[in-house]
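Written out below as structure tokens is the structure these notes cover.
Naming: A, B, ... by sequence-line order, numbering from 1 per chain. Computed from a prediction, not measured in an experiment: that's the story for all the values here.
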Amino acid sequence: MSKTGLGKMILKIIVMVIILFVILGPLFGVVLWSFAMKWYWPHPIPQEMGLKYWSEVFHRGRVLDSILLSLEIACIVVGLSLIIASPAAYGFSRYRLPFEKILLVLFLMPQAFPQLPIFINIAAIFSHYHLTGNMWGIIFVHTMASLVFSVWIITATFRAIPEELEQVALNLGASRLRTFFTITLPLAVPGLIASAIFVFLWSMGEFTGAFFIGAPFIQTAPVMMYTAAMGYNMQTASVVALILMAPAIIFMVVIEKYLKAEYIAGLGG
Amino acid sequence: MATVVTKGLKKFYGDVHALDDVSLDIEEGTLLAVIGPSGSGKTTLLRSIAGFVKLDAGKIYLDGEDITHVPPEKRNISMFFQNYALWPHMTVYNNIAYGLRLRKYNKNEIAEKIRWVLQLLDIEGLEDRKPSQLSGGQQQRIALARAIVVEPKVLLLDEPLSNLDAKIRLRIRFEIKALQQKLRLTTLYVTHDQEEALSIADKVAIMHNGKILQIGDPQEIYTKPATLFVADFVGTNNVIEKKGYVRDGVKFVNLGKLVLQAPPNVDVNKVNIVFRADEVEIERRNEEIPGYDYRFDGTISGKLYMGFKFRYEVTVDDENKDIKVIVNSDKDFSIGDKIGVFLKKDKVFIF
Ligand SMILES: Nc1ncnc2c1ncn2[C@@H]1O[C@H](COP(=O)(O)OP(=O)(O)O)[C@@H](O)[C@H]1O
Ligand SMILES: [Mg+2]
């Protein structure tokens with residue numbers, strides 16, 4: 001092996017170790033915590049392990065409810081976000097809209113300020129309209145905030161679709177609507193899926209908004225996790241954390257397996 | 001009757017005159033080729049006829065009907081896009097069937113028509129493939145099939161051969177011509193390749209900076225170019241710019257010992273002498289060739305072997321020592337040989 005080869009190899013190993021330490025280290029702790037029955041300092045591993053907290057999560061109403069609530073909110077937010085973002089993104093990508101800059105700034109607004117004061121204000125406003133303490137307030141806030149990245153991602157997707165592909169359809173006699181649904185939308189599927197995944201994961205993990213608008217009547221999974229950890233119930237918090245990670249891992253596998261082969265190859269041609 | 005008539009089409013993009021007063025007719029069942037260098041407005045012309053350009057002025061008629069403001073989907077004019085624009089998410093079959101389904105044919109009729117067009121273009125067996133699994137030549141044919149299978153009133157072709165290898169290009173050129181004649185398709189064919197245009201067109205239009213400079217049948221364009229640009233653009237040409245002079249009210253220009261009379265409308269300070277490398281003959285200095293009208297002398301200063309011919313660079317014996325011309329000949333000379341260059345009167349253009 002040459003000198004540079006060896007150097008590269010060592011560098012690679014160091015980088016891998018750091019990655020393992022940074023990502024898998026905490027993860028390992030969380031996994032251990034989720035099975036721990038008794039774990040007192042300074043023992044490196046729990047003295048007693050068991051499935052009690054896992055089974056509790058799936059049986060006891062409060063924790064399971066929070067996870068189901070988060071799932072429900074995330075799914076509705078994904079749907080609304082796609083329905084609102086797609087036409088807007090199409091407009092941005094194809095037409096010179098009169099107030100394009102202003103509209104774009106409006107979409108980007110929610111990310112431009114510190115979250116905490118915004119959400120406290122929103123909570124105050126929402127309470128007038130009976131949007132606090134229930135699911136719809138959270139859905140509203142999540143949808144608005146998620147438009148920032150869904151409009152962004154989907155606009156880029158539409159821009160990448162050559163206009164000529166639509167013009168051929170018009171040229172052959174298709175209406176604009178039909179062209180959109182048979183040509184543009186199918187070609188945008190990878191971007192729509194990417195956007196949906198992103199919004200889904202973000203909504204599942206969002207804490208601040210869900211906390212201020214949902215509290216104290218409803219608890220999403222992240223809020224549940226937070227309160228559990230605050231009450232030194234590390235086990236319940238760890239189990240919820242692991243469950244919240246599941247979708248991300250599932251999506252990663254799905255993207256790797258299907259999106260690449262089917263669409264990315266097809267779009268290249 | 002002319003199927004397509006355009007009258008005074010104008011389209012400006014800022015200062016760029018993409019179309020500048022373009023008027024032309026395409027007779028039913030004929031092929032009109034528009035040639036011009038890149039950026040001359042050819043694609044803009046096609047896109048206007050297809051309905052994708054908002055014109056600044058002018059009218060377009062199809063079968064006598066004003067279609068200037070008819071949206072593209074209602075025109076029944078098929079356009080072949082320069083880079084094919086096949087839909088990557090559909091199979092070849094579905095790409096071709098798209099226009100047929102819109103025309104409400106039933107399943108069997110669609111299958112029948114697709115079989116017919118695939119056979120016509122010699123691309124059977126590709127139905128289930130995706131465009132990304134096809135070669136450039138196959139993609140080109142699928143795009144052509146998709147355009148003609150709907151039996152359009154007019155076919156617009158935007159540089160259909162420009163993305164193909166030189167070898168296939170020549171073959172497909174003849175196939176497109178045969179296809180167009182067989183189906184009697186009214187066709188507007190756009191290209192930057194003058195040889196391609198002259199060989200397949202019924203009529204040729206030369207375009208430059210958004211203007212049509214000349215329209216005529218291919219021979220007419222080749223033998224009677226109306227402007228310097230047309231003469232220079234068609235064929236492999238020598239363009240010599242010289243200062244002329246006036247004697248007894250007649251304009252002249254000299255090339256070595258050769259005295260040429262220039263038409264009355266030229267600018268004497270800037271006379272252009274144009275002739276084609278293939279339409280001159282050369283011989284040793286002390287010999288003559290009968291049947292030629294003009295002669296000037298020169299020295300061979302460069303030589304290329306072209307396979308079937310030699311290509312010579314000849315430095316002209318003129319008071320301006322920098323004048324060099326290109327001559328193709330099958331005679332074998334060496335660099336430094338003193339020769340005479342012979343021309344025919346109607347093969348020399350002076351602008
Ligand atoms: N959509 C457009 N916006 C701005 N300029 C354009 C547009 N389309 C064409 N042009 C300009 O118009 C001129 C003619 O273009 P085009 O019709 O594509 O020429 P050709 O097909 O002969 O190469 C070019 O100078 C080009 O830059
Ligand atoms: Mg072009």
Side-chain angles (χ1 to χ4, degrees), chain A residues 82 86 89-91 93-98 100 153-154 156-196 254-255 257-269, chain B residues 43 46-47 49-53 70-92 94-105 129-136 138-139 142-158:
Chain A
L82 283 183
S86 297
Y90 190 72
S93 73
R94 285 291 184 265
Y95 302 105
R96 302 237 123 255
L97 298 176
E100 192 168 354
I153 295 173
I154 300 173
T157 310
F158 283 140
R159 282 231 171 99
I161 299 171
E163 218 174 337
E164 292 191 345
L165 294 182
E166 297 174 348
Q167 289 178 337
V168 184
L170 291 172
N171 182 251
L172 288 171
S175 65
R176 275 171 203 278
L177 206 62
R178 190 180 177 120
T179 301
F180 182 77
F181 282 108
T182 55
I183 308 295
T184 320
L185 208 55
L187 287 173
V189 162
L192 297 180
I193 290 179
S195 162
V254 168
I255 291 171
K257 232 184 146 88
Y258 297 102
L259 274 188
K260 260 195 194 144
E262 191 51 30
Y263 282 99
I264 298 172
L267 280 176
Chain B
T43 299
L46 283 195
R47 290 166 47 79
I49 296 175
F52 295 121
V53 174
V70 174
E73 62 268 28
K74 302 229 166 74
R75 294 194 178 195
N76 199 17
I77 291 175
S78 277
M79 175 153 175
F80 171 100
F81 288 75
Q82 186 167 3
N83 47 16
Y84 312 145
L86 293 172
W87 296 304
H89 62 302
M90 293 186 195
T91 61
V92 165
N94 285 333
N95 262 279
I96 302 175
Y98 193 88
L100 294 173
R101 292 193 179 120
L102 289 166
R103 281 162 182 74
K104 304 268 186 289
Y105 290 107
R129 302 230 199 132
K130 288 274 179 75
S132 57
Q133 299 167 307
L134 302 175
S135 72
Q138 288 169 330
Q139 290 183 12
I142 303 300
L144 192 58
R146 183 177 61 180
I148 64 173
V149 77
V150 297
E151 297 169 48
K153 283 188 184 157
V154 181
L155 178 63
L156 307 172
L157 299 169
D158 194 359

Do A:Gln167 and B:Met79 have side-chain heavy atoms sitting under 4.5 Å apart? no

Please identify, among B:Ala85, B:Pro152, B:Gly99, the residue contributing the most non-hydrogen atom pairs under 4.5 Å to chain A. B:Ala85

How many angstroms lie between CZ in B:Arg47 and CG in A:Asn171, if you round to the nearest 0.5 Å? 10.5 Å

Interface check, chain A: of B:Ser78, B:Ala143, B:Pro71, B:Gly51, most non-hydrogen pairs under 4.5 Å belong to B:Ser78

About how many Å separate CD of A:Glu164 and CG of B:Asp158, when rounded to the nearest 0.5 Å? 8.0 Å

Working to the nearest 0.5 angstrom, can you tell me the gap between A:Leu187 CG and B:His89 NE2? 4.5 Å

Enter the distance from A:Leu165:CG to B:Phe81:CZ here, rounded to the nearest 0.5 Å. 9.0 Å

Could you walk me through whether B:Met90 and A:Ile183 pass side-chain contact (heavy atoms from CB on, under 4.5 Å), step by step? CA-CA 9 Å; B:Met90 293 186 195; A:Ile183 308 295; 3.7 Å; yes

Quick one: CZ on B:Arg75 to CG on A:Leu170, what's the gap to the nearest 0.5 Å? 11.5 Å

Any chance you could measure A:Thr179, atom OG1, to B:Tyr98, atom OH, to the nearest 0.5 Å? 4.5 Å

Any sub-3.5 Å donor-acceptor pair from B:Arg103's side-chain atoms to A:Gly173's backbone N or O? no

side-chain contact (heavy atoms from CB on, under 4.5 Å) between A:Val168 and B:Arg146: does it pass, once the steps are laid out? CA-CA 10 Å; A:Val168 184; B:Arg146 183 177 61 180; 3.3 Å; yes

Might you work through the side-chain contact (heavy atoms from CB on, under 4.5 Å) test for A:Arg178 and B:Leu102, ending with a clear yes or no? CA-CA 10 Å; A:Arg178 190 180 177 120; B:Leu102 289 166; 3.2 Å; yes

